[in-house]
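Just so we're on the same page: letters track the sequence lines, and every chain starts at 1.
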Amino acid sequence: MAQQVQERYEDSKLYKIRHSAAHVMAQAVMEMFPDGKVTIGPPVDNGFYYDFDLPRNLTPEDLEQIEKRMRQIVQSKHEFVRKVVSADEAREIFKDQPYKLELIDGLEKGGLDEYGNPLNEKPEISIYQQDTFTDLCRGPHVESTKDIKQDAFKLMTIAGAYWRGDEKNKMLQRIYGTAWESKDQLKEYLNQLEEAKKRDHRKLGKELEIFIFDDEVGPGLPLWLPNGGILIEELEKLAKEMEDKAGYDRVKTPILTKEDLFLRSGHLPYYAESMYAPMEIEGVKYYVKPMNCPMHHKIFGSKGRSYRDLPVRLAEYGTCYRYEKSGELFGLMRVRSMQMNDAHIYCSEEQFEQEFMGVVALYRKYFELFGIEKYVMRLSLHSKQGLGKKYVDNERLWLKTEEMVRRAMDNGGVPYVEREDEAAFYGPKIDVQVWSAIGREFSLMTNQVDFAVPERFDLKFTNKEGADEIPLCIHRAPLSTHERMVGFLLEHYAGNFPVWLSPEQVRVISITDAQNEYVENIAKQLRESGIRAHADLSSQRMNAKIRQAQLMKVPYMIVVGDNEMQAGQVSLRVRDGSQQNNIPLAEFIARAKDKISRRASEL
RNA sequence: GCCACCAUAGCUCAGCUGGUAGAGCAGUCGAUUCGUAAUCGACAGGUCGUCGGGUCGUAGCCGACUGGUGGCUCCA
């Protein structure tokens, strides 16, 4: 049977609608600001944007005006007319548009597309015109503005964006819009955004009392509340179990170290702008660690190592501190204090593939456990321009290690994509891109090769021939940081954690206070069985107690009235609303313990 | 860090164009003892993020700062 090939977004009608809507928006903006400069305006996921350089900043009221004008333009049924022009003709048409002239130069040289990315062949230069607006554009577009439904698009937000995405360039004003084929689709999309807000980890984190931020503590420095503490401990317990099976050793290292260590490691030359400023004690500068690796290198180097000892796998749950620029902070997903699920594997070149893929296998176990289905493994490579600046200056070793990773992944049959200029300063890495349930993308796990720093620390082991050899180091964080992992899981589960992760696993509810003693006793028995349980003895009605437990997303509610008390049994209400009456407590305990010990996803 | 926006009680929010603050929930106290998502009443709670300016006077105006949000850049 012929396989249905999914249409590429670029070829879809929606893409054309959005691209065309961007042009219509540009027309409306240019009518408002005749001296404004246009740049680029492509379709993106769910919509489109257009970047402008305007004489003044846009206001939300402007947005309304622009949107209103767009509706008029759209209804006037103007055709999108394409025309191929020479570079010089284009220069004449866009003589007042400096950004367009820059783009034309790029196109003419055949070097760069509108984003500044290299192009393989020299493209045709085309323009599109609708009504009074002409844009340098390769298309494609819908036939006429009437193909953009006047009630199926909406301008969303104004944002700043650097010209060509480079922070050294001028900041432009970007307007984001969304556009769909029909009003219903638009409504559906706006609805989705509302739903997404509900499972935002920042909102859930507050509601479920997982973490807080406090102005006086500082930006990007989360305070974990008791419920969050439990999540972290459970994740750690999981990671430690996995690492124990895989032959890791655990170490502990200090948060502060002398400048010398980071000079040697290369962090100060390559990574200083992500580090907190040093503090000076007794004339010596100390830095707060952004990574654990230099200390682990010291531990590896603290005694002679034989090839028989390798691989050495040192794990640590140390908290690292990185100076992330204020605008980059984002809830738990991007913080300044982070607890790493960190380890460094020191191995020989022959062992590399097995060790590296062992980590990848670990990822996959986690994917399965958490039910993460959508992810992309990304092989992050160096860039030639970055050598000596962002990356240690040894092109030969870069190419060699990158090829080693590629081979390992290929041999293991693990699909991945490659991205240039995304590596760590000391080597290439595999980052796992995931999408939270509300569509946010970020990298979670990471698996990095370090061919540079062990040498700077004079790390060595004695090989079979009796000669010194420098080990490779694999930096890995399969659970990412606890902060990001918890943020991800909050959104992933919408706060409905599986039993093993739930901060409160059972709430025991009395119907009247005649059962309070019995209920307290049940809670105690549950806790003695290793189940996190609380009794609700308040004088509220049962319905209110249940509601509160539901809002806190407690997986199991044990409800006890006179009937249960007399029969010596309990009634179980599960978070999903299902209910099971008159079961012996021992039976429930067995069920709960089973789900917890298996880390089952079902309740 | 850059652009824009936002900041009122523990939480969620109301407070029209300036005339010195209000609700619901949570909290405390009292009453209620009730069968699977909110029992009733009373009380208490805020120098309206901070600092400065303008005004006879502001939580609403202006500025700076702090923190947050949407983006850009960056990233686990």
Consider the side chain of [X], meaning its heavy atoms from C-beta on, and name the nucleotide among [options] that approaches it most closely.
X: Arg484(A); options: G35(B), C75(B), G71(B); answer: C75(B)
X: Ser539(A); options: A31(B), A76(B), G71(B); answer: A31(B)
X: Ser443(A); options: C3(B), A76(B), G35(B); answer: A76(B)
X: Met542(A); options: U73(B), G70(B), U36(B); answer: U36(B)
X: Asn543(A); options: A38(B), C75(B), G70(B); answer: A38(B)
X: Asn57(A); options: U39(B), A76(B), C3(B); answer: C3(B)
X: Val559(A); options: C34(B), U36(B), A4(B); answer: U36(B)
X: Tyr176(A); options: C72(B), C75(B), U33(B); answer: C72(B)
X: Glu167(A); options: A38(B), U73(B), G71(B); answer: U73(B)
X: Glu328(A); options: C34(B), G71(B), G1(B); answer: G1(B)

(request) Could you tell me whether the side chain of Gln548(A) has a donor or acceptor atom within less than 3.5 Å of a complementary atom in the base of A26(B)? (result) no
(request) Report yes if a donor N or O on one partner sits less than 3.5 Å from an acceptor N or O on the other, where the partners are the side chain of Arg334(A) and the base of C74(B); otherwise report no. (result) yes
Have a look at [X] and say if it touches a base, only the backbone sugar-phosphate, or nothing, with a 4.0 Å heavy-atom cut-off.
X: Tyr271(A); answer: nothing
X: Leu172(A); answer: nothing
X: Asn341(A); answer: nothing
X: Ala161(A); answer: sugar-phosphate
X: Ser480(A); answer: sugar-phosphate
X: Glu564(A); answer: base
X: Gly165(A); answer: sugar-phosphate
X: Ala544(A); answer: sugar-phosphate
X: Asp166(A); answer: nothing
X: Asn516(A); answer: nothing
X: Arg573(A); answer: base
X: Lys429(A); answer: sugar-phosphate
X: Lys545(A); answer: nothing
X: Thr481(A); answer: base

(request) Return no unless some side-chain N or O of Tyr323(A) is found under 4.0 Å from OP1 or OP2 of G1(B). (result) yes
(message) Can you tell me if Arg202(A) touches the phosphate of U69(B), counting only side-chain N or O atoms and a distance under 4.0 Å to OP1 or OP2?
(response) yes
Provide the distance between the two [atom1] atoms, one in [N] and one in [M], to the nearest whole Å.
N: G35(B); M: G70(B); atom1: C1'; result: 47 Å
N: U69(B); M: U28(B); atom1: C1'; result: 35 Å
N: G18(B); M: C13(B); atom1: C1'; result: 22 Å
N: A23(B); M: G45(B); atom1: P; result: 13 Å
N: G22(B); M: G46(B); atom1: P; result: 13 Å
N: A26(B); M: G63(B); atom1: P; result: 41 Å
N: C16(B); M: C25(B); atom1: C1'; result: 27 Å

Checking base pairs now: Watson-Crick or wobble, both atom distances under 3.5 Å. What partners [N]?
N: G22(B); result: C13(B)
N: U66(B); result: A7(B)
N: A38(B); result: none
N: C43(B); result: G27(B)

(request) State plainly whether the residues Asp200(A) and Arg440(A) are in salt-bridge range, i.e. N to O under 4.0 Å. (result) yes
(request) Residues of residues 287-294 of chain A with any non-hydrogen atom less than 4.0 angstrom from an atom of RNA chain B: list those, numerically ordered, please. (result) none
(request) Would you kindly check if the NZ (Lys) or CZ (Arg) of Lys170(A) is within the cone defined by 45 degrees around the ring axis of Trp163(A) and under 6.0 Å from the six-membered ring centre? (result) no
(request) May I ask you to establish whether Arg174(A) and Tyr49(A) are in a cation-pi arrangement, using a distance under 6.0 Å from NZ or CZ to the six-membered ring centre and at most 45° from the ring axis? (result) yes
(message) Please tell me whether Asp342(A) and Tyr317(A) have a donor and an acceptor in their side chains that are separated by less than 3.5 angstrom.
(response) no
(message) Side chains of Tyr391(A) and Asp421(A) only: does a donor on one sit below 3.5 Å from an acceptor on the other?
(response) yes
Can you measure [X] atom [atom1] to [N] atom [atom2] for me and round it to whole angstrom units?
X: Met333(A); N: U69(B); atom1: CE; atom2: C1'; answer: 15 Å
X: Phe330(A); N: C72(B); atom1: CZ; atom2: P; answer: 12 Å
X: Arg575(A); N: A37(B); atom1: CZ; atom2: P; answer: 16 Å
X: Asp536(A); N: G35(B); atom1: CG; atom2: P; answer: 16 Å
X: Gln515(A); N: C34(B); atom1: CD; atom2: C1'; answer: 10 Å
X: Arg336(A); N: A76(B); atom1: CZ; atom2: P; answer: 16 Å
X: Leu58(A); N: C72(B); atom1: CG; atom2: C1'; answer: 16 Å
X: Asp431(A); N: C75(B); atom1: CG; atom2: P; answer: 10 Å

To the nearest 0.5 Å, what is the distance between [atom1] ([X]) and [atom2] ([Y])?
X: Met25(A); Y: Phe52(A); atom1: CE; atom2: CZ; value: 4.5 Å
X: His482(A); Y: Phe211(A); atom1: NE2; atom2: CZ; value: 15.5 Å
X: Ser383(A); Y: Lys389(A); atom1: OG; atom2: NZ; value: 8.0 Å
X: Leu204(A); Y: Lys198(A); atom1: CG; atom2: NZ; value: 11.5 Å

(request) Would you sort out whether Glu504(A) and Arg507(A) count as a salt bridge (charged side-chain N to carboxylate O under 4.0 Å, His left out), showing the intermediate values? (result) CA-CA 7 Å; Glu504(A) 183 178 359; Arg507(A) 185 162 306 177; 2.8 Å; yes
(request) Give me the one residue out of Glu236(A), Lys240(A), Met445(A), Arg476(A) that meets side chain to side chain contact (heavy atoms under 4.5 Å, CB included) with Asn341(A). (result) Arg476(A)
